[in-house]
Protein chains: 2
Amino acid sequence: MNEKNADAGADRRTQLRDRLIDIAQETVATQGLAGLKARDLAAAAGCALGAIYTAFHDLDELILRVNARTLARLEAALDAAFVDAEAELALEAMARAYLSFARKDEPSWRALFEHRLPPGAPVPAWYADARNRLFSRLDAPLAQLLPGRDATARAALARTLFSAVHGVVALGLEEKIAETPPKLLDEQLSVLIRLLAAGLMMESARLI
Amino acid sequence: MNEKNADAGADRRTQLRDRLIDIAQETVATQGLAGLKARDLAAAAGCALGAIYTAFHDLDELILRVNARTLARLEAALDAAFVDAEAELALEAMARAYLSFARKDEPSWRALFEHRLPPGAPVPAWYADARNRLFSRLDAPLAQLLPGRDATARAALARTLFSAVHGVVALGLEEKIAETPPKLLDEQLSVLIRLLAAGLMMESARLI
DNA sequence: ATAGAAAAATGAACGACGTTCATAACGAAT
DNA sequence: ATTCGTTATGAACGTCGTTCATTTTTCTAT
């Protein structure tokens with residue numbers, strides 16, 4: 001096997017991979033994770049059923065790729081919302097952006113948390129990286145609110161705040177747990193940010 | 001059909017229902033929702049495969065029954081943790097109890113949020129009642145912290161706080177999203193409660 | 001150009017799943 | 001003993017993800 005052959009093969013495989021991810025992304029966006037079926041996917045991609053398994057080890061791997069793209073879009077949404085003003089405003093803007101993203105792309109967003117790998121399967125490093133980048137978006141506002149804290153403490157705090165916002169959004173959009181009217185959910189998020197920001201300012205005062 | 005027959009039939013059916021729920025509960029507790037299989041369930045209950053569908057319309061209905069029991073145990077755990085002392089202490093105790101329950105009964109707890117009904121299927125009223133009771137546990141501490149608020153506002157706030165705690169616990173235990181070391185997760189929860197309680201006290205001051 | 005070897009694509013087949021339904025087993029009344 | 005309405009049964013169905021023997025394509029060497 002010479003170089004040209006290897007490249008051609010890798011190229012074809014890469015093209016198929018991308019096409020499958022594109023289609024799967026669209027399917028998950030419109031019908032949710034449960035709507036993703038190997039046979040439909042192959043039909044939509046115009047390839048054989050077995051071809052999917054030449055591009056990916058299994059559907060879980062494909063789903064992780066789709067989820068990585070969702071994470072990237074979520075990152076972009078948070079970045080777009082970031083306002084370089086007062087920290088509480090920035091935090092509120094990003095929380096609103098998170099809720100807005102979850103509402104607009106609910107099936108894709110939900111897929112991030114619905115999907116589970118088979119027991120014992122390790123999380124691929126490239127996926128762990130993608131989700132870790134999410135939390136770091138809160139670092140700048142937190143640094144402004146708590147100039148005294150070191151980076152490690154800030155990172156932990158970023159995770160805590162992100163998780164709290166996620167919880168309000170997740171349960172708020174979860175009709176089986178707590179169907180929350182949209183207006184009330186907006187209000188809940190505002191209240192949460194207000195309470196947390198007030199708490200952070202007291203922390204800050206306590207440190208000085 | 002006379003009364004005795006009808007009663008006997010209903011009785012047998014009820015017995016089978018309870019037995020199936022018992023076994024499903026045990027299966028979910030040890031192997032998670034994904035471990036619940038109709039054939040294994042029938043084998044463990046010593047009944048025919050089809051008998052399951054004489055007791056329940058489908059497995060979703062059975063899962064809702066299992067989840068309702070989990071909700072009841074969670075309620076009991078929160079009640080046991082409730083301390084009738086200072087509000088912040090009560091809130092922290094209940095948050096810890098939530099985390100502790102999720103850790104101890106992780107597969108069952110996870111099943112509460114993993115399970116989705118088929119699209120368009122309404123949430124049964126008895127299930128909605130069971131989950132609504134959860135939030136109300138926070139009402140007493142909140143009434144202490146914010147004596148000025150009416151019951152509706154308190155209920156909304158209870159949902160917000162519960163959701164925030166849930167978010168920290170859910171993402172903290174979710175290895176695919178953010179594997180958090182146990183000690184750090186304990187710490188995150190403490191910080192969250194501290195921040196929220198501080199925020200609530202400022203709200204309270206602002207109202208007076 | 002052509003034969004032969006190597007690689008890749010194919011889709012029928014497999015096993016597991018939830019659910020259904022024709023059939024069998026049962027019990028009560030005659 | 002016979003009938004008849006109920007209930008239980010598990011083989012069978014349709015769907016799913018995944019595999020792998022076979023076919024098709026692609027490349028190499030003559």
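So that the names make sense, note that chain A is the first sequence line, chain B the second, and so on, each numbered from 1.
Between A:Asp79 and A:Arg133 no salt bridge is recorded (no basic side-chain N to carboxylate O distance below 4.0 Å). Ion pairing between A:Glu92 and A:Arg96 holds under the 4.0 Å rule for side-chain N and carboxylate O. By the 4.0 Å N-to-carboxylate-O rule, A:Asp18 lies too far from A:Arg65 to be salt-bridged with it.
Atom CD1 of A:Ile52 and atom C1' of D:dC16 are 12 Å apart (whole Å). Atom NZ in B:Lys37 sits about 12 Å away from atom C1' in D:dC16, given to the nearest Å. Rounded to whole angstrom, the span from the CZ atom of A:Arg13 across to the P atom of C:dA9 amounts to 7 Å. Whole-Å rounding puts the B:Asp40 CG to C:dG15 C1' distance at 14 Å. When rounded to the nearest whole Å, the span between CZ of B:Phe56 and P of C:dG18 equals 15 Å. Taking atom CD of residue A:Gln15 and atom C1' of nucleotide C:dA8, one finds them 15 Å apart after rounding to whole Å. For the pair B:Leu62 CG and C:dT19 P, the computed distance is 10 Å after rounding to whole Å. Residue B:Leu20 contributes atom CG, which lies 15 Å from atom C1' of C:dT19 at whole-angstrom precision.
Using a distance-only test at 3.5 Å, with no hydrogens or angles considered, a donor-acceptor pair links the side chain of A:Thr70 to the main chain of A:Val66.
Residues B:Leu16 and B:Arg39 each lie close to DNA chain D; by heavy-atom proximity, the contact nearer the 5' end of the strand is made by B:Leu16.
Looking at the side chain of A:Leu59, the nearest of the listed nucleotides C:dT19, D:dT9, D:dT18 is D:dT18. The nucleotide whose nearest atom lies closest to any side-chain atom of B:Ala51 is, among D:dT18, D:dT9, C:dA9, D:dT9. Side chain of A:Tyr53, nearest nucleotide from D:dA8, D:dT18, C:dT10: D:dT18. The nucleotide whose nearest atom lies closest to any side-chain atom of A:Ala38 is, among D:dA11, C:dC17, D:dG17, D:dG17.
B:Leu41 comes within 4.0 angstrom of nothing in the nucleic acid, heavy atoms only. Among the atoms of the strands shown, base atoms are found under 4.0 Å from some heavy atom of B:Leu49.
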Subject >> Step-by-step side chain to side chain contact (heavy atoms under 4.5 Å, CB included) determination, B:Leu184 to A:Arg159 >> reply: CA-CA 11 Å; B:Leu184 182 53; A:Arg159 225 155 46 167; 3.5 Å; yes
